[in-house]
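Starting from 1, each residue takes its place in the sequence as its number. Since we're looking at a predicted model, the values are computed, not measured.
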Amino acid sequence: IACWHGLAEPECLPERKQIAETLARIGHAHSDYRALSWSAVMRVAGAMELGDLATVDAAIASLDTLAKRARDPLARWHALTFRAMRCTLSAQLTEAVRWAETAYQVGLPLGPGGARHVYCTQLATVRRLQGRLAEAEQLVREVSLSHPSIAGWQAVLAGLEAEQGQTEQPRKVLERLVERDLSALRSDPFALSGIAATADLCLLVGDATHARPLYEALRPHEERHGSVSIGIGSHGPLSRHLGRLALQLHEVKLAERHFERALAAAEAMSSPLFTSFSLLGYAHMLLVTRPRAAERAGALLGRAAELGRKHELHGVTRFAQALEALARGGASIAATHKR
């Protein structure tokens with residue numbers, strides 16, 4: 001278990017998967033519920049990095065069984081936390097909040113600091129998706145202040161500030177992260193999550209100067225997903241972030257290829273959340289680079305808008321409407337880069 005925690009780098013995923021398999025064998029051979037429980041947690045974490053939600057769901061079911069048989073509150077907390085995450089990926093936001101709140105109550109006696117961190121992370125994600133940005137910012141600020149050494153949280157906080165109209169301070173944060181702290185981002189315990197958050201910030205307040213090093217940092221991991229911590233959340237397919245960065249770099253062919261892969265990955269996950277994000281990113285790219293592809297862009301926007309209405313993803317709906325107006329020639333491109 002200690003080795004698994006110490007091998008958090010993206011390149012170490014094969015070793016982490018092997019540890020999970022070894023723990024499962026030990027657990028079954030010796031009826032060791034602790035080993036089986038941690039093996040299930042590790043399977044969730046590894047599968048989230050690959051977007052393999054079938055494995056995630058199987059591991060959550062294992063945790064549920066272990067929690068009942070061994071009366072293990074830690075296994076129950078993990079299971080509840082992962083269920084909140086799964087509901088968010090499925091755009092079931094009310095259910096996601098319910099599971100997150102239940103997990104928080106179960107987790108408090110086990111460790112109030114860790115339980116609060118996870119709760120704030122998951123609730124902030126939902127509030128951001130609901131367009132309740134001030135509430136999301138307050139939660140993220142709390143976590144960022146509690147964990148100042150985690151560079152990714154600085155990027156998330158600055159991104160929320162930028163979405164609410166602030167630009168000066170978020171840009172300073174971006175410049176610091178890219179120019180001085182990119183090595184720190186790479187060495188964060190969950191590097192891909194931190195770099196993905198910084199890429200989102202770059203789309204809000206950055207330019208090609210910032211986009212280039214971020215693109216190079218993510219490029220080797222195009223097939224991966226920006227999993228948060230042990231799988232308590234996700235930034236989705238990193239190919240989507242690469243597509244947006246490539247667009248900032250005016251690499252149109254690369255951007256289109258990345259968006260195609262992002263959409264395929266999101267649809268393979270059956271995630272309305274990341275499917276809608278990928279549809280919007282792809283449509284945006286087509287509208288600003290391929291005027292003759294307006295019909296294709298319109299079809300993508302129609303699908304995104306439908307998902308936004310169905311799942312009450314207000315940010316998706318607003319962005320789809322802005323892009324539809326752009327497609328009709330009735331809007332400037334100026335503010336249409338927000339997610």
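Within the 4.5 Å cutoff, no side-chain heavy atoms of Arg71 are placed close to those of Arg76. Taking the side chain as every heavy atom from C-beta outward, Leu300 and Leu286 approach each other to under 4.5 Å. Between Cys202 and Leu174 the shortest side-chain heavy-atom distance falls below 4.5 Å. The closest side-chain heavy-atom distance from Met48 to Leu89 is below 4.5 Å. Side-chain contact check for Met42 versus Leu23: some heavy-atom pair is nearer than 4.5 Å. Inter-residue side-chain proximity for Leu36 and Ser62 is flagged as unmet; no heavy-atom pair is nearer than 4.5 Å. Side-chain contact between His311 and Leu93 is absent, with no heavy-atom pair separated by less than 4.5 Å. Proximity of His78 to Ile230: side-chain heavy atoms (C-beta onward) are separated by under 4.5 Å at one or more points.
Considering CD of Glu260 and CE of Met285, their distance stands at 7.5 Å, rounded to 0.5 Å. Here the CG-CG distance, from Leu307 to Leu279, works out to 6.5 Å after rounding to the nearest 0.5 Å. Note: Arg244 CZ to Leu280 CG = 9.5 Å, rounded to the nearest 0.5 Å.
Salt-bridge formation is not detected for the pair Arg171/Glu168: no Lys NZ or Arg NE/NH1/NH2 atom is positioned less than 4.0 Å from an Asp or Glu carboxylate oxygen. Salt bridge annotation for Asp72-Arg34: absent, with no cationic side-chain nitrogen under 4.0 angstrom from a carboxylate oxygen. The pair Glu175-Lys172 does not meet the salt-bridge criterion, since no charged nitrogen lies less than 4.0 angstrom from a carboxylate oxygen. A salt bridge does not link Glu251 with Arg257: every distance from a Lys NZ or Arg NE/NH1/NH2 to an Asp or Glu carboxylate oxygen is 4.0 Å or more. Electrostatic pairing of Arg303 and Glu267 counts as a salt bridge here, judged by a charged N lying under 4.0 Å from a carboxylate O. Here Asp64 pairs with Arg83 in a salt bridge; the nearest charged N to carboxylate O distance falls below 4.0 Å. Salt bridge present: Arg261 and Glu223 bring a charged side-chain N and a carboxylate O closer than 4.0 Å. Under a 4.0 Å N-O distance rule, the pair Arg43/Glu21 does not qualify as a salt bridge.
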Worked verdict on Val173 versus Arg176 for side chain to side chain contact (heavy atoms under 4.5 Å, CB included)
CA-CA 5 Å; Val173 171; Arg176 184 180 71 248; 4.0 Å; yes

From CA spacing to verdict: salt bridge (charged side-chain N to carboxylate O under 4.0 Å, His left out), Lys310, Glu306
CA-CA 6 Å; Lys310 180 178 179 181; Glu306 182 180 357; over 6 Å; no

May I have the step-by-step check of side chain to side chain contact (heavy atoms under 4.5 Å, CB included) for His284 and Leu247, ending in yes or no?
CA-CA 10 Å; His284 182 208; Leu247 184 58; 4.3 Å; yes

Worked verdict on Leu249 versus Leu254 for side chain to side chain contact (heavy atoms under 4.5 Å, CB included)
CA-CA 10 Å; Leu249 295 169; Leu254 276 177; over 6 Å; no

Is there a side chain to side chain contact (heavy atoms under 4.5 Å, CB included) between Gln248 and Arg212 once you walk through the steps?
CA-CA 9 Å; Gln248 270 194 308; Arg212 176 61 65 186; over 6 Å; no

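Side-chain contact check for Gln92 and Arg86: no donor-acceptor pair (N or O, by modelled atom type) lies under 3.5 Å. If you check the side chains of Glu137 and Gln164, you find a donor sitting under 3.5 Å from an acceptor. Side-chain contact, His241 with His235: no donor N or O sits under 3.5 Å from an acceptor N or O. Side-chain atoms of Gln130 and Arg127 include a donor-acceptor pair closer than 3.5 Å. For the residue pair His117/Trp153, the side-chain donor-acceptor check at 3.5 Å is satisfied.
Ser271 contributes a side-chain N or O that, together with a main-chain N or O of Phe274, makes up a donor-acceptor pair within less than 3.5 Å. Put simply, the side chain of Ser31 never gets that close to the backbone of Gly27: no donor and acceptor are under 3.5 Å apart. Between the side chain of Glu101 and the backbone N or O of Ala96 there is no donor-acceptor pair closer than 3.5 Å. Between the side chain of Gln154 and the main chain of Ser144, no donor-acceptor pair closer than 3.5 Å is present. Checking side-chain atoms of Ser37 against main-chain N and O of Tyr33 turns up no donor-acceptor pair under 3.5 Å. Of the possible polar contacts, one joining the Arg16 side chain to the Glu9 backbone as a donor-acceptor pair under 3.5 Å is found. Looking only at distances, a side-chain donor or acceptor of Ser39 sits under 3.5 Å from a matching main-chain atom of Ala20. Using modelled atom types, one side-chain atom of Ser239 and one backbone atom of Ala262 make a donor-acceptor pair closer than 3.5 Å. With hydrogens and angles disregarded, a donor-acceptor distance shorter than 3.5 Å links the side chain of Gln122 to the backbone of Thr81.
Of all non-hydrogen atoms in Thr88 and Leu129, the two that sit nearest each other are CG2-CD1, 4.0 Å. Closest non-hydrogen pair, Ser234 versus Val228, comes out as N-CG2, 3.8 Å. A pairwise comparison of heavy atoms in Ser276 and Val316 identifies OG-CG2, 3.5 Å as the closest pair.
Both Val44 and Leu7 are assigned to one and the same hydrophobic cluster, defined by single-linkage of ILVMFWY side chains at heavy-atom distances under 4.5 Å.
Judged by the 6.0 Å distance and 45° axis criteria, Arg296 is positioned over the aromatic ring of Tyr282.
Among residues at least two apart or in separate chains, ring pair (Phe, Tyr, Trp, His ring centres under 6.0 Å) pairs with a member in residues 207-230 are Tyr215-His258.
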